[in-house]
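Take a look at the structure below.
Since the model is a prediction, treat every value here as computed from it, not as a measurement. Protein chains get the first letters and strands the later ones, always in sequence-line order, with residue 1 at the start of each.
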2 protein chains.
Amino acid sequence: MGAEGGLRERKKLQTRAALADAALRLALEKGPDHVTVEEIAEAADVSVRTFFNYFPHKEHAIIGRNPEHLERALDRMRTAPAGESPLTTMWYAVQDVLRDLESDGELSRRGELIMSSPTLLYQLMLSSLDDERQLTAALAERMGEPAGSTRPALIVSAAGAACRVAMELHKAAPGRPVLELVREGFQLLAQGIDTAFGPDNERGSS
Amino acid sequence: MGAEGGLRERKKLQTRAALADAALRLALEKGPDHVTVEEIAEAADVSVRTFFNYFPHKEHAIIGRNPEHLERALDRMRTAPAGESPLTTMWYAVQDVLRDLESDGELSRRGELIMSSPTLLYQLMLSSLDDERQLTAALAERMGEPAGSTRPALIVSAAGAACRVAMELHKAAPGRPVLELVREGFQLLAQGIDTAFGPDNERGSS
DNA sequence: GAAAAACTTGCAGTCAGTGCAAACTATTAA
DNA sequence: TTAATAGTTTGCACTGACTGCAAGTTTTTC
């Protein structure tokens, strides 16, 4: 029946999914701060201790990140066509992930939940930190830049900022789709966010 | 002796400072994850309960943010000369804060500590979230942009990204001062981080 | 079918963080 | 100075997150 992996592995995936689902459902129902791990574990029919074998925190389960997304993004970076500009590469990677989330109908449900809870949001940002490091490394290599250079790091980090801003704006005014907002952000970043920037030319006096 | 405020107020400031100092010292000594609130409270000669009257979390005490910094930054936004470009305004605000931290010798000690501990870093980012909202609102108003527009939000958020990247790079290679790295980041953001960006022009086939 | 490896669970324990009520201390008014 | 008042500190009891350890179970492997 099971296509790949033994029974053991399938069961693990099942448990993980059950926990993540229960976590999201309960968080949406009761508000993320009013769910206890005990409830989540109970809903997924495992012990509390087992919950912590799968997730390091409650928040991690609620956020329910898909590890595959980072993998796919890294892959895209590495296999990008030679002439493609770095932000463009980044754009395709982001687009890919967002599309995937959207197709689940997850993007709105989960996204809104996350944006509305500081605890969740910072937990997400925290897990992004690690991603950003990996993405930066991959991008730097692709660009042929040395490890300590600013541009690749800033591209990755600013792209993250654009995504967050997009989600925030989307939450405030759901009219415009997230993807479009992200795209606008990328556009701005690409062309220059403030072409009149010039700290030393403007200070007339004093 | 006390210039302003009654004895009560002075005492509060004193206690707060004592707690923040103890928190930073102990965190540097033992690593941020191995300090307990009990130790901090003990070192500052107050009860654990009192600690929580001053700070919502352990991390908050370690980070020891100066609320004045946000105030000054907001002020700078509001009183910026009419012709000044938004990122430039942002730059002066950031510069102001960094200089202040540097003059204490705090920037390296605390900064490195923060960058090396995910818990601290995300706690810092969390408190930045709130700042970002306020700064965005102030900047949007200054720019005469409507509330939901992307540019001011992105400017603030990307500036934050630039600061984080600068600190990270500085930690990896302490040769270049943070301020210079931040400046480089701002420069890149201003001119355009990737002028060759163009998702739709590049995909030849498929 | 038995030994080995992986997974689950309960239990005991540490630590963070909160609400409450009592004790204490600065401030204010008389 | 004193008495009322308002703000602060503290202890206590409690919930809940999270960890290590030592059984138990279940899957895998031979």
Side-chain angles (χ1 to χ4, degrees), chain A residues 1-20 22-24 26-27 29-64 117-120 122-124 126-127, chain B residues 1-20 22-24 26-27 29-64 117-120 122-124 126-127:
Chain A
M1 260 183 210
E4 60 218 291
L7 179 104
R8 190 167 249 161
E9 217 155 322
R10 267 178 287 143
K11 264 194 169 174
K12 269 190 93 171
L13 286 180
Q14 234 175 290
T15 308
R16 185 184 200 84
L19 282 170
L24 177 59
L26 289 169
E29 271 173 29
K30 321 178 53 167
D33 293 341
H34 298 130
V35 197
T36 69
V37 173
E38 200 173 344
E39 293 170 311
I40 299 174
E42 202 171 334
D45 245 316
V46 293
S47 73
V48 172
R49 194 62 189 76
T50 296
F51 174 92
F52 286 109
N53 287 338
Y54 282 88
F55 300 99
H57 333 279
K58 192 179 40 168
E59 289 77 19
H60 210 287
I62 299 177
I63 291 174
S117 157
T119 322
L120 290 180
Y122 78 156
Q123 205 51 248
L124 180 67
L126 175 57
S127 53
Chain B
M1 258 189 201
E4 61 218 287
L7 177 97
R8 195 166 245 165
E9 217 155 323
R10 268 176 288 143
K11 264 194 171 176
K12 267 190 95 168
L13 288 180
Q14 236 174 288
T15 308
R16 183 183 200 84
L19 282 169
L24 177 59
L26 288 170
E29 272 174 28
K30 320 177 56 168
D33 293 341
H34 299 129
V35 198
T36 68
V37 173
E38 200 174 344
E39 292 171 310
I40 299 174
E42 202 171 333
D45 245 316
V46 294
S47 73
V48 171
R49 194 62 189 76
T50 298
F51 174 92
F52 286 109
N53 287 339
Y54 282 88
F55 299 99
H57 333 277
K58 193 177 43 166
E59 290 77 20
H60 210 287
I62 299 178
I63 290 173
S117 157
T119 322
L120 291 180
Y122 80 145
Q123 203 52 248
L124 181 67
L126 174 58
S127 52

Whole angstrom is fine here: how far is it from [atom1] in [X] over to [atom2] in [N]?
X        : N      : atom1 : atom2 : answer
A/Phe51  : C/dG10 : CZ    : P     : 16 Å
A/Gln123 : D/dC18 : CD    : C1'   : 13 Å
B/Phe52  : D/dC14 : CZ    : C1'   : 14 Å
B/Lys30  : C/dC15 : NZ    : C1'   : 13 Å
A/Asp33  : C/dG17 : CG    : C1'   : 13 Å
A/Asn53  : D/dT19 : CG    : P     : 10 Å
B/Lys11  : D/dT8  : NZ    : C1'   : 9 Å

Problem - Any N/O donor-acceptor pair, B/Arg8 side-chain to D/dT8 base, under 3.5 Å - result: no

Exercise for the section: Could you tell me whether the side chain of B/Arg49 has a donor or acceptor atom within less than 3.5 Å of a complementary atom in the base of C/dG19? Expected result: yes

Practice task
Check whether any side-chain nitrogen or oxygen of A/His57 sits under 4.0 Å from OP1 or OP2 of D/dA17, and answer yes or no.
Solution key: no

Practice task
Would you please confirm or rule out a distance under 4.0 Å between OP1 or OP2 of C/dC7 and any side-chain N or O of A/Tyr54?
Solution key: no

Exercise for the section: Using a 4.0 Å heavy-atom cut-off across all strands, classify A/Val46 as base, sugar-phosphate, or nothing. Expected result: sugar-phosphate

